[in-house]
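A note on names: the letters A, B, ... follow the listed sequences, proteins ahead of strands, and every chain is numbered from 1.
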Number of protein chains: 2
Amino acid sequence: MDRLRALRYFAKLAQTLSFSETADHFRVPSSSVSRRIKDLEADLGAALFVRTTRSVSLTDLGKLYLGEIAPALQSIEIADEMVQAQSVAPTGTVRITAMPGYAELYVLPAVQKLRSLYPDIEFDLNITDQVLSLSSNEADIAIRAASELPDHVIARRLGDHTFKLVASPDYINRNGAPRTSDDLRDSPVFMYRTPRGVLNWQMKKNGNWETVDLAPKYVSNHGPSILESVVKGQGLALLPSWGIAAEIANGQLEEIDFEDAWLSTSGGVEMGMYLLYHPPKFRLEKVKVSVDSLIADLTRGSCQRNLALSAAM
Amino acid sequence: MDRLRALRYFAKLAQTLSFSETADHFRVPSSSVSRRIKDLEADLGAALFVRTTRSVSLTDLGKLYLGEIAPALQSIEIADEMVQAQSVAPTGTVRITAMPGYAELYVLPAVQKLRSLYPDIEFDLNITDQVLSLSSNEADIAIRAASELPDHVIARRLGDHTFKLVASPDYINRNGAPRTSDDLRDSPVFMYRTPRGVLNWQMKKNGNWETVDLAPKYVSNHGPSILESVVKGQGLALLPSWGIAAEIANGQLEEIDFEDAWLSTSGGVEMGMYLLYHPPKFRLEKVKVSVDSLIADLTRGSCQRNLALSAAM
DNA sequence: AAGACTAATGCTTTTATGACAATAATAGGA
DNA sequence: TCCTATTATTGTCATAAAAGCATTAGTCTT
């Protein structure tokens, strides 16, 4: 038995004191109301109404029951409306996670804009290299580099995530640009540490990608400090293209063309920056508007970067 | 969809965060829980849980929904329990209606006893000649004279309801006992007025019951005052046997044997005093205990009366 | 006294729920 | 790293419940 429906019938019937009117209200035949009420009474083991074929009235127990049930029904109605309103009105917390570096350069300003656009939404921005799971509800939106895309989330490509070997013009003038892996071994190199370990440099040799055995002068999980070290001419680093666009453009850094392509993560796989979010099984407006705004800002940002790069070349 | 069941599943699942545990709790396969929750989510148009095959957690909306739903569910549980408790524990109001005269003689003391027996029950005793409808919920128990019994109520016979022509020994000494209807027309007679009119006297003539055309000296809806007038020797009256048992027994009144039987209401139909109450479709304990107690007292009273009558004869 | 309105009931059709089995996905351990 | 155990989901079927419709029975009104 659909108890909740029976209770709705009960409440309406208690109000109208008419089976037919109640039935009309719910667009069902009056026999349905009659049967549901009867079932309800049988379930409770008590008569709720006194019926004459012509009139209906509440019993003492009916009044008692109504007094308890009516507010509960109302609560349920309200709850439903709240949820449905929530899924339309953008309020609540949106949890965003993003990679350091990229976050500071691009996501932070985008989120600032988002905050001013939707002051009612609360944002929880978690900048970390940890890969927070969307599917286990640790975040609503994830912005990170990825090669192969998770299956159950929607991924919007924000731009490339390729690594460039860079040094300052000053450094190149003093030491020359490295050409071989042996050159590298003699050069001061800086590496990035992720929670899963140091991001090794890999090189293509005879069609295979191999890790280059290097002893880095400086390892950090703080990207900007590595960038700063390179800009200061202290050595070489493999840095993501989006992280050096500005420095390339204004001449602070130069890209070093190596004999082969270089990659930091597992060999040669094409990587990109992605914005990831739950498939919109159900329309969570707060997530939707955030995604839309972020995508707009971040892809625009990446276009600008690309333009800047082109200009530098 | 049984929404209430879905909500119960939801509440339990939000608490346990385990489909299988929830399913065990309700003794249903976990697939049922899974489906009900999915249906609920589809109905609401919003995701309530984030599921991994290994773990379940509430979404923001889920928490919100739970906050509204949980108290409502509890209210419904409480309401159910209240009703079921009510139908077992004898509390609340019992409305009793009874005929004047009979009520004062027999019902009043019985109700007094009932009140002391069940101090938690409230009694509403309506002494009237009006025939209050049980079926339209105007009373829980009715005690009245009846010939043919209503169909949808339970009737317990309390005793006869036959009318006797009586006068005081003093009156008979002075005027002699009437023998014919003509005798009656010359005698001072007292009649009872019901809400439906004066209770006419009827007589069997050639097998047919006919109303005797009399000009009563005194008409009242107050039985005791008619009785008193008769006892004082002021005239004759047709009085119910249960109303004159004591006076017959102690010699204050004498029954007059007439040439035919006499009746007050529609001709010659056998009438009785009945206690009427709703068929116990559902066990309303307060009514049940009241009926039991009243029946016990009133039938015992009627036995005593009968004994008293026998003794007087 | 008859008609109109209302609730209940009997029956059929449709719907949805539960049961069982199988699958997919993950966490933990050897 | 592979294997196993646990957990949620999906597919299919049988069953139970609800709706729909027509009819009956009982009141109130004119």
Side-chain angles (χ1 to χ4, degrees), chain A residues 1-10 12-14 16-43 47-59 62 131-138 150-153 279 281, chain B residues 1-10 12-14 16-43 47-59 62 131-138 148-153 279 281:
Chain A
M1 178 187 49
D2 190 338
R3 186 63 162 275
L4 190 62
R5 184 172 315 190
L7 291 180
R8 289 195 216 277
Y9 288 177
F10 165 72
K12 192 69 186 173
L13 181 57
T16 62
L17 293 179
S18 158
F19 277 82
S20 32
E21 198 175 326
T22 304
D24 287 348
H25 179 260
F26 289 105
R27 313 290 173 89
V28 292
S30 61
S31 58
S32 296
V33 179
S34 174
R35 284 213 170 80
R36 261 359 84 221
I37 296 293
K38 180 183 285 187
D39 288 351
L40 179 62
E41 289 179 319
D43 247 40
L48 261 20
F49 293 98
V50 176
R51 299 109 139 127
T52 335
T53 48
R54 238 357 223 203
S55 74
V56 177
S57 63
L58 275 168
T59 62
V131 177
L132 296 188
S133 167
L134 285 181
S135 54
S136 65
N137 206 26
E138 292 170 329
D151 214 18
H152 299 300
V153 296
K281 308 184 295 188
Chain B
M1 178 189 51
D2 190 338
R3 187 63 163 275
L4 190 62
R5 185 172 315 189
L7 291 179
R8 291 196 215 276
Y9 287 177
F10 164 72
K12 192 67 187 178
L13 180 56
T16 62
L17 294 179
S18 159
F19 278 82
S20 33
E21 200 175 323
T22 304
D24 287 347
H25 178 260
F26 290 104
R27 315 289 175 88
V28 292
S30 60
S31 58
S32 298
V33 179
S34 175
R35 286 213 169 81
R36 268 349 93 220
I37 297 293
K38 179 182 286 188
D39 289 351
L40 178 62
E41 288 179 319
D43 246 42
L48 262 20
F49 293 97
V50 176
R51 299 105 137 132
T52 330
T53 48
R54 264 314 252 211
S55 74
V56 177
S57 63
L58 275 169
T59 61
V131 177
L132 297 188
S133 166
L134 284 181
S135 53
S136 65
N137 205 25
E138 292 170 330
E148 54 192 40
L149 299 173
D151 215 18
H152 299 300
V153 297
K281 309 182 294 187

Spacing of B/L17 atom CG relative to D/dT6 atom C1', expressed in whole Å: 16 Å
Distance test, side-chain N/O of A/R51 to OP1/OP2 of D/dT27, below 4.0 Å: no
Rounded distance (Å) that lies between atom P of D/dA17 and atom CZ of A/R3: 14 Å
Nearest heavy-atom neighbours spanning B/L40 and B/M1: N-SD, 4.1 Å
Check: B/R35 side chain, D/dG11 base, donor-acceptor under 3.5 Å: yes
Length of the CD-P vector between A/E41 and C/dA7, whole Å: 14 Å
NZ/NE/NH1/NH2 to OD/OE distance under 4.0 Å, A/D43 and A/R3: yes
Spacing of B/R8 atom CZ relative to C/dG18 atom P, expressed in whole Å: 13 Å
Protein-nucleotide distance (B/F19, atom CZ; C/dT26, atom P), rounded to Å: 15 Å
N/O (side chain, B/S20) to phosphate O (OP1/OP2, D/dA8) under 4.0 Å: yes
Pair of N/O donor and acceptor under 3.5 Å linking D/dC21 base with A/S31 side chain: yes
Length of the OH-C1' vector between B/Y9 and D/dA8, whole Å: 16 Å
Given D/dA19, C/dT9, C/dA19, the nucleotide with the shortest approach to the side chain of A/S34: C/dT9
B/R5, nearest nucleotide to its side chain (from C/dG18, D/dA18, C/dA8): C/dG18
Side chain proximity check, B/L13 to B/I37, heavy atoms < 4.5 angstrom: yes
Euclidean distance, atom CG of residue A/L13 to atom P of C/dA8 [Å, nearest integer]: 9 Å
Sugar-phosphate only, base, or nothing, as touched by B/V56 at under 4.0 Å among non-hydrogen atoms: sugar-phosphate
Minimum heavy-atom distance between B/F10 and B/L58, given as atom pair plus value: CE1-CD2, 4.1 Å
Closest contact, heavy atoms only, B/F19 versus B/V33: CD2-CG1, 3.8 Å
Selected nucleotide, minimal atom distance to B/D39 side chain, candidates C/dA19, C/dT17, C/dA8: C/dT17
Rounded distance (Å) that lies between atom C1' of D/dT9 and atom CD1 of B/I37: 13 Å
